[in-house]
Amino acid sequence: MSDALSEFTSRSRPERQQLTTPDGVHLDSVLIRADARTTRGTAVVLANGFTGTWRSPDTKMIASRMLPVGDVMTFDFRGHYASTGDSTVGNHEVYDLQAVIEHLRGLGYTSIATVGFSMGAAVVVRHAGLFGGVSAAVAVSGPSQWFYRGTSRMRLLHFGVEQPLGRWFLRVARQVRVTDQAWNPMPQDPVELAPMVAPAPLLVVHGDRDSYFPLVHAHRIHDAASEPKELWIEPGMGHAERSLTPRRAERIAEWLAANQAAVPEPENG
């Protein structure tokens with residue numbers, strides 16, 4: 001077991017696995033079981049933000065706080081670290097999430113919730129709208145629209161993914177490979193697919209000090225979504241995984257424990 005895996009909580013049973021998406025991308029993933037001797041029906045999938053990884057201390061902390069709800073699977077999106085392919089920054093990543101969920105179903109999990117951060121939040125909303133089959137969805141610090149450039153952080157991010165020099169920096173410094181191909185066709189954005197998340201409950205979490213996406217993004221997603229839905233505006237919270245304190249992670253876990261919808265067989269899953 002690698003050093004990165006050994007840093008998970010001592011009571012967990014991390015299992016590193018390679019998964020394959022429908023379009024042939026290999027994903028580096030970790031399944032964390034609370035107890036290898038116990039079969040649980042519930043799982044929580046963590047979907048990191050752009051440049052995020054299951055190796056980060058923030059993701060590991062969040063995973064440990066989710067274990068009371070269910071076993072946890074976290075993974076690296078395409079183009080990130082040991083996962084193959086190129087990042088499409090929120091478009092084809094829905095297939096990554098679907099591959100993770102199908103793998104968990106194959107292991108016998110019957111109730112699977114998704115929790116996403118920033119880009120991962122957009123993927124969680126889009127995936128639930130397109131594929132269905134999740135028991136609950138949580139979008140933390142997510143964008144409501146594509147190509148938002150209203151903050152300096154987002155203008156810098158666009159340089160990173162759109163310019164050759166920016167993509168070179170991401171590849172060398174962050175171990176993230178970004179496609180140089182434009183989206184064609186243009187995918188539906190999160191606010192367009194938010195109404196289709198139901199019947200799964202949707203929780204939208206956003207910090208009032210988010211330096212990437214202002215609060216209007218959270219309100220737009222929440223307003224567009226169908227019931228059941230909930231919106232948390234977190235005072236003093238910044239952006240995504242790094243701003244999720246242990247207590248905030250525990251509150252999300254508590255919400256998941258109280259808000260799990262029955263999962264019908266997805267029509268196109």
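Using a 4.5 Å cut-off on side-chain heavy atoms (C-beta onward), Asp28 and Tyr81 make no contact. Taking the side chain as every heavy atom from C-beta outward, Trp54 and Leu46 never approach each other to under 4.5 Å. Looking at Ile252 and Leu244, their side chains come closer than 4.5 Å, going by heavy atoms from C-beta outward. Taking 4.5 Å as the limit, some side-chain heavy atom of Leu256 sits within range of a side-chain heavy atom of Val115. The side-chain heavy atoms of Val205 and Arg251, taken from C-beta on, include no pair separated by under 4.5 Å. Residues Met73 and Ile112 form no side-chain contact, since every pair of their non-hydrogen atoms from C-beta on lies 4.5 Å or further apart. You'll find the side chain of Phe147 reaches within 4.5 Å of the side chain of Met186, heavy atoms only. When side chains are defined from C-beta on, Leu31 counts as touching Leu104, because their heavy atoms get closer than 4.5 Å.
The aromatic rings of Tyr95 and His92 are tilted relative to each other, their planes meeting at an angle between 30° and 60°.
Using modelled atom types and a 3.5 Å distance limit, the side chains of Thr53 and Asp76 yield a donor-acceptor pair. Side-chain contact check for Ser135 and Gln260: at least one donor-acceptor pair (N or O, by modelled atom type) lies under 3.5 Å. No donor-acceptor contact under 3.5 angstrom links the side chains of Ser56 and Asp58, judged on distance only.
To the nearest 0.5 angstrom, Ser118 atom OG is 11.5 Å from Arg242 atom CZ. Rounding to the nearest 0.5 Å places CZ of Phe77 at 12.5 Å from OG of Ser29. In this structure, CG in Leu107 is found 8.0 Å from CD in Glu15, a value given to the nearest 0.5 Å. To the nearest 0.5 Å, the span separating CG on Asp35 from CZ on Arg33 amounts to 10.5 Å.
Listed here is the closest heavy atom pair of Val30 and Pro14: CG1-CB, 4.0 Å. Of all heavy-atom pairs spanning Ala200 and Val134, the tightest one is CB-O, 3.5 Å. Scanning all heavy atoms of the two residues, the minimum distance from Arg40 to Val69 falls at NH2-C, 3.7 Å. Summarising the geometry of Gly90 relative to Arg126, their closest heavy-atom pair is O-NH1, 2.9 Å, with the distance given to 0.1 Å. The minimum heavy-atom distance between Met66 and Ala249, with the atom names listed, is CE-O, 3.1 Å. Closest approach of His206 to Gly142, counting heavy atoms only: CE1-O, 3.7 Å.
Side-chain atoms of Asp86 do not come within 3.5 Å of backbone N or O of Val178 as any donor-acceptor pair. Looking only at distances, a side-chain donor or acceptor of His158 sits under 3.5 Å from a matching main-chain atom of Met154. For the pair Thr21 (side chain) and Asp96 (backbone), a donor-acceptor distance under 3.5 Å is absent. At least one donor-acceptor pair closer than 3.5 Å links the side chain of Glu93 to the backbone N or O of Thr88. Formation of a donor-acceptor pair under 3.5 Å by the Asp71 side chain with backbone atoms of Ala34 is found in this model. Between the His127 side chain and the Val94 main chain, no donor and acceptor come within less than 3.5 Å of each other. A side-chain donor-acceptor contact under 3.5 Å links Thr84 to the backbone of His26. When atom types are taken as modelled, the side chain of Lys229 and the backbone of Leu202 share no donor-acceptor pair closer than 3.5 angstrom.
Between His239 and Phe213, the ring centre distance stays below 6.0 Å. Ring pair His80/Phe50: centre-to-centre distance below 6.0 Å.
Here salt bridge (charged side-chain N to carboxylate O under 4.0 Å, His left out) pairs that include residues 167-190, with residues two or more places apart or in two chains, number zero.
Under the 4.5 Å side-chain heavy-atom criterion for grouping Ile, Leu, Val, Met, Phe, Trp and Tyr, Met61 is connected to Leu67 within one hydrophobic cluster. One hydrophobic cluster holds both Leu19 and Phe75 under the rule that ILVMFWY side chains link at heavy-atom gaps under 4.5 Å. At a threshold of 4.5 Å between side-chain heavy atoms, the hydrophobic network of Ile, Leu, Val, Met, Phe, Trp and Tyr places Leu156 and Phe169 in two separate groups.
Using a 4.0 Å cut-off between charged nitrogen and carboxylate oxygen, Glu254 and Arg247 count as a salt-bridge pair. Arg149 and Glu162 are joined by a salt bridge, as a carboxylate oxygen and a charged side-chain nitrogen come within less than 4.0 angstrom of each other.
For Arg155, the CZ atom sits in a packed shell: over 12 heavy atoms of surrounding residues, nucleotides or ligands are nearer than 6.0 Å. Annotation for Phe159: atom CZ counts as buried by contact number, over 12 foreign heavy atoms lying within 6.0 Å. Enclosure of atom CH2 in Trp183 by more than 12 non-hydrogen atoms of other residues, nucleotides or ligands within 6.0 angstrom is indicated. Counting non-hydrogen atoms of neighbouring residues, nucleotides and ligands closer than 6.0 angstrom, the CE atom of Met196 reaches no more than 12 such neighbours.
Cation-pi check for Arg248 over Trp232 is not met; the charged atom does not lie both under 6.0 angstrom from the ring centroid and within 45 degrees of its normal.
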(request) Walk me through it: do Asp210 and Arg153 pass the test salt bridge (Lys or Arg N to Asp or Glu O under 4.0 Å)? (result) CA-CA 10 Å; Asp210 193 309; Arg153 291 291 182 90; over 6 Å; no
